[in-house]
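Read the structure below first, then the notes.
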Amino acid sequence: MGRLHGWMVAGLLAGVAQPALAQAQDAEAPAKDGAGDIVVTARFRNENLQDVPIAVSVVNGDVAASRNLNTLQDLSTVIPTVDFRTGQSNKDRTVFIRGVGTITTSPGVESSVSTVIDGVVLVRPGQATLDLLDLDHLEVLRGPQGTLFGKNASAGVINLVTKSPTKTQTGSLEGGYYEGGEGRIKGTVSGPITSNIGYTLSGLYAAYRGNVYNVGTRDWVNGYDRWGVRGKIVAKPNDDVTITFAGDYLYNRDDTPQGVYVSSSRVAYPTGVVTPNATLAGLLTQEGITPSANNTRVNTNFDAEVRDRNYGGSITLDWGLGGGYTLTSITAYREWKNRQTPDWDARAVLATGFPQGRDDGSVDFDQFSQEIRLASPQGGLVDYVVGAYLLSADTDERYQRSVTQLIGGAPVTNNGVANYGIRAQNHALFGEANLHATDKLTFIAGGRLIHDSLSYFHQRASDTATGVPGIRPSFASNGKTDRVDYSARAGVQYKLAPNANTYFTFSRGYKGPAYNVFFNMQAFDTQPLAPETSTSYEVGLKGSLFGGRVSGGIAAYVTNYDGFQANFTDTYLGAIVTRLINAGKVQTKGVEADLNARPTDRLTLNFAVARTDAHIQHFNCPAATTCTSIDGGALPFAPDWKLSGGAAWKLPITDGLAVELQTDASYKSKTQYAITQNPDTIQPAYGIWNASIALIGGERWELRALVKNILDQHYSNYLVYGTTAGVVRYVPRDNDRYVGLNARIRY
């Protein structure tokens with residue numbers, strides 16, 4: 001499908017349902033009980049958010065869409081405890097919570113943050129970076145959650161809940177157009193099929209021209225085309241049984257370049273010595289590129305392209321067994337297809353010492369999972385959830401690289417192709433119980449027994465016996481590892497008042513063994529990495545005042561990681577390579593707070609802040625590298641401070657017609673993007689201010705004009721060393737101020 005360069009008509013459709021983005025305990029969060037309190041499923045039950053002894057942030061899907069926040073990357077800009085590593089492809093992108101995440105493209109490594117959609121765990125991080133179609137709400141569970149959500153939840157969980165069928169026939173049509181050639185349109189229909197069967201069906205199409213100009217091809221890049229459908233059928237054969245059939249198909253094509261040059265020089269750590277590269281500087285000048293912190297121009301031989309197809313389905317059975325017991329079964333199958341063609345060198349001119357390369361890669365991934373759990377009735381001395389889990393996941397990848405360099409003044413081309421993959425299985429038994437010693441005092445205990453089986457294969461054929469930049473000699477290997485381990489949680493919760501709770505928890509997190517399986521795999525990658533374990537201590541307070549008009553929470557925590565799995569940057573024949581290692585011991589500690597208020601029925605306020613100290617306690621330098629000690633250095637993607645806040649004021653004009661004024665702002669302190677502590681991969685502190693004005697026609701329609709990044713604050717959401725030299729940046733959507741129009745019609 002072509003790009004939406006002229007989406008002015010679609011810009012007259014679309015909008016929002018809520019006045020402000022919901023944070024932690026915002027009164028505008030999506031799911032509420034009869035008293036108006038927020039209901040979450042953080043412990044596989046519908047519970048009042050204030051009663052859950054976990055630090056949780058909640059985001060309303062409709063509200064996020066109204067502010068043009070449509071992916072986890074977008075949402076990370078407004079949730080202080082969450083950060084996001086972007087990249088050239090979805091397989092390179094990942095989420096961080098409290099400064100902890102996993103940076104790797106190897107299929108043999110788990111993410112530290114688990115993403116779950118309607119109860120189904122998404123194994124690969126790249127599965128979770130596409131458009132959040134038909135999202136009802138999102139729950140961010142901060143800190144280790146391995147007891148109930150699995151082994152790859154050592155830093156936290158992103159729990160996505162999609163919309164359920166409505167009781168009456170409804171529909172909505174939404175659309176938006178934003179300056180810079182971005183447009184979106186989405187339609188939803190929902191309602192009953194029969195008296196005991198309901199459905200919901202949504203479709204989406206969106207496109208963006210991009211905000212980076214390729215001088216060589218004369219195209220705008222850094223944009224996307226997306227479309228998808230999601231459906232759900234819910235059947236209730238009787239009062240005790242509910243069966244949910246869910247399926248989705250999402251397609252994404254983007255042309256994110258392999259970095260945009262910030263500098264032709266590099267700055268050494270820890271000396272701060274600047275090493276200029278006059279040859280690269282001259283090449284970039286010849287190509288019409290001026291490196292700078294706000295450069296938005298590239299010159300490559302072709303436009304990079306990545307295509308993702310992400311699809312699957314699930315069957316969920318909820319069966320009331322009587323006496324308040326509920327049996328739940330979730331059976332799911334998913335596939336993810338990734339095809340990428342990046343320009344390896346990110347330049348257009350071939351010169352001595354600066355080779356050119358083209359990559360072609362593919363990922364074929366599938367997973368099958370089965371979960372069964374039993375939830376006891378609540379209200380007695382003890383309540384609990386117990387269950388069993390099975391996962392089988394297979395990944396097959398093929399990566400081909402062609403590199404051309406000048407040798408003796410003549411171009412010489414070398415090629416390499418690798419076929420590799422993993423086979424993973426996970427079996428687990430889990431449970432968590434609450435002992436209500438008194439009406440106010442509750443003790444919590446839970447655990448998960450885990451068995452991992454992981455094998456890999458790798459075969460690379462190269463036409464170079466000694467290696468060239470970007471291509472190692474031929475190599476073949478395979479291996480297998482098994483592990484039995486556990487996650488655990490214990491805690492105590494005390495009700496200070498009817499609307500106030502405090503809690504303390506201890507958690508032991510676990511992330512399984514790993515293999516560094518990638519195109520340039522070599523002999524020292526054949527040994528499995530040891531599991532990553534963590535111990536976490538957290539204390540929190542949640543509560544509300546004035547009948548719920550003011551609510552909030554505060555949490556303090558310390559989490560220590562041992563055997564931390566991380567990518568270490570190295571060089572091979574002048575080109576950047578990475579080594580996945582057990583980096584050593586790291587610690588993250590901090591304080592998080594949120595406050596939400598509704599002083600009047602017309603005014604809503606929300607504010608959240610995170611103070612995070614995530615640093616390396618001891619780093620294990622890999623053998624045969626130029627590694628410098630980075631003990632005490634900051635973990636990447638872990639700013640010391642991150643804040644977000646907003647306000648919405650609704651002014652009635654006539655019966656059924658109102659105007660809403662909305663504004664929000666966020667701040668992020670300086671952020672290191674590289675574990676190697678490079679001084680030139682630090683993004684300075686910045687703040688973003690947005691605002692909108694909406695005309696609201698009751699529940700039927702809404703028209704909203706918005707402006708993003710009012711102060712035109714430029715920044716980079718990722719800085720990294722270029723493939724052969726210099727420093728490059730990735731350019732966010734709101735790198736420059738832009739305006740847009742959203743509209744929604746309900747019927």
Checking the side chain of [X] only, and the main-chain atoms of [Y] only, is there a donor and an acceptor separated by less than 3.5 Å?
X: D219; Y: V221; value: no
X: N567; Y: I103; value: yes
X: Q683; Y: S716; value: yes
X: N735; Y: Y715; value: yes
X: H458; Y: F518; value: yes
X: Q367; Y: V123; value: yes
X: D343; Y: Q258; value: no
X: N582; Y: G584; value: no
X: Q713; Y: N709; value: no
X: Q340; Y: V306; value: no

So, taking the atom named [atom1] in [X] and the one named [atom2] in [Y], what distance separates them when rounded to the nearest 0.5 Å?
X: W227; Y: L250; atom1: CH2; atom2: CG; result: 9.0 Å
X: T464; Y: I471; atom1: OG1; atom2: CD1; result: 7.5 Å
X: L283; Y: N299; atom1: CG; atom2: CG; result: 11.0 Å
X: T466; Y: R472; atom1: OG1; atom2: CZ; result: 12.0 Å
X: Y420; Y: R460; atom1: OH; atom2: CZ; result: 10.0 Å
X: Y177; Y: R184; atom1: OH; atom2: CZ; result: 14.5 Å

What's the verdict on side-chain contact (heavy atoms from CB on, under 4.5 Å) for V720 and V728, showing C-alpha distance, side-chain angles and the deciding distance?
CA-CA 6 Å; V720 65; V728 297; 3.5 Å; yes

Is any side-chain heavy atom of [X] less than 4.5 Å from a side-chain heavy atom of [Y]?
X: I422; Y: S455; value: no
X: I158; Y: L72; value: yes
X: T413; Y: S402; value: yes
X: P411; Y: L350; value: yes
X: S154; Y: V100; value: no

Going through the distances and angles, do T102 and K511 end up as a side chain to side chain donor-acceptor pair (under 3.5 Å)? CA-CA 11 Å; T102 301; K511 189 171 74 167; 2.7 Å; yes

The complete set of ring-ring contact (aromatic ring centres under 6.0 Å, His included) pairs with one or both residues in residues 260-311, sequence neighbours excluded, reads Y249-Y311

Q.
side chain to side chain donor-acceptor pair (under 3.5 Å) for E182 and Y224? Distances and angles first, verdict last.
A. CA-CA 9 Å; E182 183 178 20; Y224 60 78; 2.5 Å; yes

Applied to residues 266-282, the salt bridge (charged side-chain N to carboxylate O under 4.0 Å, His left out) test, sequence neighbours excluded, yields none

The complete set of salt bridge (charged side-chain N to carboxylate O under 4.0 Å, His left out) pairs with one or both residues in residues 280-303, sequence neighbours excluded, reads none

For this session: Using the salt bridge (Lys or Arg N to Asp or Glu O under 4.0 Å) rule, take D74 and K708 through it: C-alpha gap first, then chi angles, then the decisive distance, then the call.
Result: CA-CA 12 Å; D74 296 336; K708 304 279 285 186; over 6 Å; no

Please name all residues satisfying salt bridge (charged side-chain N to carboxylate O under 4.0 Å, His left out) with [X], sequence neighbours left out, ordered by chain then number.
X: E179; result: none
X: R124; result: E397
X: D360; result: R358
X: D366; result: none

Going by side-chain hydrogen bond (donor to acceptor under 3.5 Å, both in side chains), name the residues that satisfy it together with [X], two or more places apart in sequence or in a different chain.
X: S477; value: Y456
X: R334; value: D248, N310
X: D736; value: H714

When you check the side-chain N and O atoms of [X] and [Y], is any donor under 3.5 Å from an acceptor?
X: Y718; Y: R85; result: yes
X: T290; Y: N295; result: no
X: N294; Y: S292; result: no
X: D482; Y: S453; result: yes

So does [X] pair up with [Y], basic N to acidic O under 4.0 Å?
X: E305; Y: R307; value: yes
X: R339; Y: D364; value: yes
X: R401; Y: D359; value: yes

Across all chains, not counting sequence neighbours, the ring-ring contact (aromatic ring centres under 6.0 Å, His included) partners of Y213 are W220

By ring-ring contact (aromatic ring centres under 6.0 Å, His included), Y738 pairs with (sequence neighbours left out) none

Which of N252, D254, D308 passes side chain to side chain donor-acceptor pair (under 3.5 Å) with R226? Answer is N252

### Task
Establish, yes or no, whether a centroid distance under 6.0 Å links the rings of F96 and F84.
no

query: Does the salt bridge (Lys or Arg N to Asp or Glu O under 4.0 Å) test come out yes or no for R423 and D396, once each step is laid out?
result: CA-CA 9 Å; R423 303 292 181 260; D396 291 285; 3.0 Å; yes

**Request:** Show the numbers, then the answer: is there a side chain to side chain donor-acceptor pair (under 3.5 Å) between N214 and T217?
**Result:** CA-CA 6 Å; N214 189 338; T217 64; 3.3 Å; yes

Which of T404, V403, D463 passes side-chain contact (heavy atoms from CB on, under 4.5 Å) with N415? It is D463

| task | Decide salt bridge (Lys or Arg N to Asp or Glu O under 4.0 Å) for K668 and D83; before the verdict, give the C-alpha distance in whole Å, the side-chain angles of both, and the deciding distance to 0.1 Å. | result | CA-CA 10 Å; K668 186 177 180 180; D83 217 307; 2.9 Å; yes

When every non-hydrogen atom of T256 is compared with those of G87, the smallest separation belongs to CG2-O, 3.8 Å

